Amino acid sequence: MKQIMMAVHLLILPAFLLVSCKHNDTPANDPTSKVSTFMLLTWNEAGLTAVHRSGALPPMAESRINAAVNIAMHDALNSIVPVYESYAYRAMAVSAANADAAVAQAAHDVLIFMLPPQKTFADSLLNISLASIADGTGKDSGIVLGKAAAAAMNTKRGKDGASVAQIPFISGTMPGQYRAAPPFDTGAAAGFVALAGWGGVQPFGLSAAAQYRPGAPYAVSSDAYAKDFAEIKKMGCMACPDRTADQTEIGRFWLENVPTSINRIAVTLINDKHLNAWQAARLLALVQMAQADANIACFDAKFFYKFWRPITAVRLAEGDGNASTIGDAAWNVLAPPTPPVPDYPSNHAADGGAGLEVVRRFFNTDNINFSATSTILPGVVRPFANLSQAAREISLSRIYVGYHFRMAVDSGEAMGKKVGQYLFENSLKPR
């Protein structure tokens with residue numbers, strides 16, 4: 001099987017997954033110790049690949065798909081050996097089922113349900129995956145189990161509100177109120193706002209989208225707002241002389257969707273820490289669930305407060321009523337365009353806070369040395385001494401790129417950490 005699956009890796013996976021997946025130090029008689037993470041990580045990466053093949057999906061949609069795929073694999077494994085609580089599929093232990101077959105089938109069926117245009121891609125990988133498993137009752141039982149786990153997931157998430165989240169939005173006209181930023185302010189895209197109803201999507205683990213909604217942002221007339229305004233104006237513009245080369249790199253480095261970034265970090269740690277398949281499945285599922293719920297919670301808050309973006313604030317500052325803000329009608333961000341949703345709070349910061357809080361609690365330490373890479377800046381590697389440092393850098397990147405005021409990233413990161421803590425303490429718990 002290893003030779004066949006390595007061929008699959010070479011076709012669809014980046015180099016960071018080509019590290020051998022050693023078993024952790026579980027007892028020799030523990031059945032989970034006999035199952036490699038290889039198939040799990042193959043299909044985790046297949047989910048990311050399918051999302052990216054689908055075009056520029058926003059992090060909200062990506063995190064939902066990634067969560068569903070990884071949870072289905074988790075549920076399938078825990079229906080073979082019940083180590084952790086399940087999310088959607090709960091059945092009597094099917095100990096004879098082949099774990100790899102169950103994982104591959106579950107991920108495949110959820111993936112084509114979530115992304116029907118990727119069926120050919122997913123079908124091809126499933127054929128290769130199943131061909132690597134010896135025929136027999138174990139394989140057959142695994143396929144049946146995988147189908148059942150996926151069906152439970154698809155039923156649970158099929159009517160979660162994601163398909164009707166693109167709803168109309170009326171822009172504001174007063175200082176501080178969100179209105180479309182370039183290029184969504186003119187032409188065919190005029191007035192476009194992305195997924196204004198995403199805050200109404202059913203959370204994966206939170207009791208409600210507003211569970212950790214932060215307090216209101218500052219008034220545009222306040223000194224605190226003027227301070228953040230001055231910072232973003234001189235640190236977030238396209239050619240800001242006050243922004244250092246490292247800060248510019250940080251801004252660009254973290255432009256990719258954070259669910260992809262944190263998934264990559266989690267996979268690196270799965271390999272480094274030699275997790276078994278059950279542990280790895282739980283970590284990936286919780287990381288993606290937390291980010292999915294952070295996005296839902298963030299959009300609930302964004303469209304509750306409807307605060308304007310820095311590019312709008314700087315360009316219209318002469319009429320904002322604050323004597324301490326000086327406008328610039330030509331001001332632009334480091335990496336146009338500004339995402340077409342309100343500023344407060346930052347879902348980028350919330351994703352980083354939520355995902356890395358899960359990782360911190362999973363390993364019960366913040367002090368993990370690791371390095372991160374980015375598809376936006378290939379070849380650039382950023383090292384971190386701990387998880388909090390990475391979460392903070394993700395948040396600050398949105399200031400350096402010009403997308404968010406500091407209050408938005410601080411509130412987003414804090415909210416994300418609360419979401420991550422809640423998900424870890426209340427979902428997929430050890431049995």
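We use all heavy atoms of the structure for the numbers below, so side chains are in, but hydrogens, waters and symmetry mates are not. Here the structure is a predicted model, which is why all the values come from computation and not from measurement. Counting begins at 1 with the first residue of the sequence.
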Under the 3.5 angstrom rule, does the side chain of Ser132 hit a backbone N or O of Ser129 as a donor-acceptor pair?
yes

Disulfide bond (SG atoms under 2.5 Å apart) pairs touching residues 354-398, sequence neighbours excluded, are none

Could you check whether any side-chain heavy atom of Leu40 comes within less than 4.5 Å of a side-chain heavy atom of Ile270, counting everything from C-beta outward? no

Heavy-atom closest pair (Gly205 atom, Ser427 atom, distance to 0.1 Å) is CA-OG, 4.2 Å

Point to revise | Main-chain N/O of Pro175 paired to Asp320 side chain as donor or acceptor, under 3.5 Å | key: no

Next on the checklist: Side chains of Glu85 and Asn426, heavy atoms from C-beta outward: is any pair under 4.5 Å?
Outcome noted: no

Evaluate Lys233 against Asp242 for salt bridge (Lys or Arg N to Asp or Glu O under 4.0 Å), listing each step before the verdict. CA-CA 10 Å; Lys233 185 181 177 184; Asp242 293 311; over 6 Å; no

**Asked** Do we see a donor-acceptor contact under 3.5 Å between the side chains of Tyr422 and Asp293?
**Response** no

Exercise for review: Could you please spell out the steps behind the side-chain contact (heavy atoms from CB on, under 4.5 Å) verdict for Leu284 and Leu41?
Suggested key: CA-CA 9 Å; Leu284 286 169; Leu41 296 186; 4.0 Å; yes

Next item on the list: Using modelled atom types only, decide if a donor and an acceptor are shared between the side chain of Gln247 and the backbone of Arg243 within a distance under 3.5 Å.
Entry: no

Minimal heavy-atom distance between Gly47 and Leu111, with the atoms involved, is CA-CD1, 4.0 Å

- Message: Between Arg252 and Ser374, is there a side-chain heavy-atom distance shorter than 4.5 Å?
- Response: no

Next item on the list: Report the C-alpha separation of Glu62 and Gln291 in whole Å, then their side-chain angles, then the decisive distance to 0.1 Å, and conclude whether the side-chain contact (heavy atoms from CB on, under 4.5 Å) test is met.
Entry: CA-CA 10 Å; Glu62 178 181 333; Gln291 291 179 97; over 6 Å; no

One should read off an interatomic distance between Ser346 OG and Glu413 CD, to the nearest 0.5 angstrom, of 9.5 Å

Output for pair (Phe229 CZ, Tyr218 OH), nearest 0.5 Å, gives 11.0 Å

Under a plain distance cut-off of 3.5 Å, with no hydrogens placed, do His52 and Thr260 share a side-chain donor-acceptor pair?
yes

Query raised in the report: Taking atom CG of Asp328 as the centre, does the number of heavy atoms from other residues, nucleotides or ligands within less than 6.0 Å exceed 12?
Result: yes

In this structure, CG of Leu396 is separated from CZ of Arg406 (nearest 0.5 Å) by 5.5 Å

Given side-chain contact (heavy atoms from CB on, under 4.5 Å), test Trp331 with Ile311 step by step and report yes or no. CA-CA 7 Å; Trp331 191 89; Ile311 189 170; 4.0 Å; yes

Is the NZ or CZ atom of Arg64 both under 6.0 Å from the centre of the six-membered ring of Phe204 and within 45° of that ring's axis?
no

So disulfide bond (SG atoms under 2.5 Å apart) across residues 238-282, not counting sequence neighbours, yields Cys237-Cys240

Partner of Gln288 under side-chain hydrogen bond (donor to acceptor under 3.5 Å, both in side chains), picked from Asn44, Asn263, Asn70, is Asn263

Check your understanding: Do Arg282 and Tyr84 meet the cation-pi criteria used here (NZ or CZ under 6.0 Å from the six-membered ring centre, within 45° of the axis)?
Key -> yes

Between Val69 and Val110 the two heavy atoms that sit nearest each other are N-CG1, 3.8 Å

Quick note, ring pair (Phe, Tyr, Trp, His ring centres under 6.0 Å) partners involving residues 337-382, not counting sequence neighbours, are Tyr305-Tyr344, Phe370-Phe384

OG (Ser63) and CE (Met289) are apart, to the nearest 0.5 Å, by 11.5 Å

Heavy-atom closest pair (Ile296 atom, Pro203 atom, distance to 0.1 Å) is CD1-CA, 3.8 Å

I want to check something: taking the side chain as every heavy atom from C-beta on, are Trp278 and Val35 in contact at a cut-off of under 4.5 Å?
yes

request  = Say whether, by atom type as modelled, one donor and one acceptor occur between the side chain of Asn367 and the main chain of Asn386 under 3.5 angstrom.
outcome  = no

CG (Leu286) and CD (Glu425) are apart, to the nearest 0.5 Å, by 11.5 Å

Does any non-hydrogen side-chain atom of Met407 lie less than 4.5 Å from one of Phe307? no

- Query: Is there a donor-acceptor contact under 3.5 Å from the side chain of Ser124 to the main chain of Thr120?
  - Reply: no

Heavy-atom closest pair (Ala101 atom, Ile133 atom, distance to 0.1 Å) is N-CD1, 3.4 Å

Short question: side chain of Gln279, backbone of Asn276 - any donor-acceptor pair under 3.5 Å? yes

| Okay, side chain of Asn271, backbone of Val267: is any donor-acceptor separation there less than 3.5 Å? | yes

Measure from the side-chain N and O atoms of Asp75 to the backbone N and O of Ser86, and report whether any donor-acceptor pair falls under 3.5 Å.
-> no

- Item | Ion pair check, Asp246 and Arg382, cut-off under 4.0 Å | yes

- Item | Any side-chain heavy-atom pair of Leu145 and Ile80 under 4.5 Å | yes

Step by step, work out the side-chain contact (heavy atoms from CB on, under 4.5 Å) result for Gln105 and Trp43. CA-CA 10 Å; Gln105 191 71 57; Trp43 279 94; over 6 Å; no

Note, Thr375 side chain near Arg264 side chain (heavy atom, < 4.5 Å): yes

_Assess whether a salt bridge exists between Lys306 and Asp343, defined as any Lys/Arg side-chain N lying under 4.0 Å from an Asp/Glu carboxylate O._
no

Find out whether Arg315 and Asn332 are in side-chain contact, i.e. whether some heavy atom of one side chain is under 4.5 Å from a heavy atom of the other.
yes

Nearest heavy-atom approach of Val409 to Ser395 is CG1-O, 3.4 Å

_Quick one, Ser388 with Asp366, criterion side chain to side chain donor-acceptor pair (under 3.5 Å). Give me CA distance, side-chain angles, the key distance, then yes/no._
CA-CA 7 Å; Ser388 295; Asp366 190 54; 3.0 Å; yes

Quick one: does Asp351's side chain have a donor or acceptor within less than 3.5 Å of a partner on Asn257's backbone? no

CD1 of Ile71 to CG of Asn66, rounded to nearest 0.5 Å, is 10.5 Å

* N/O donor-acceptor pair under 3.5 Å between Asn347 side chain and Ala294 backbone -> no

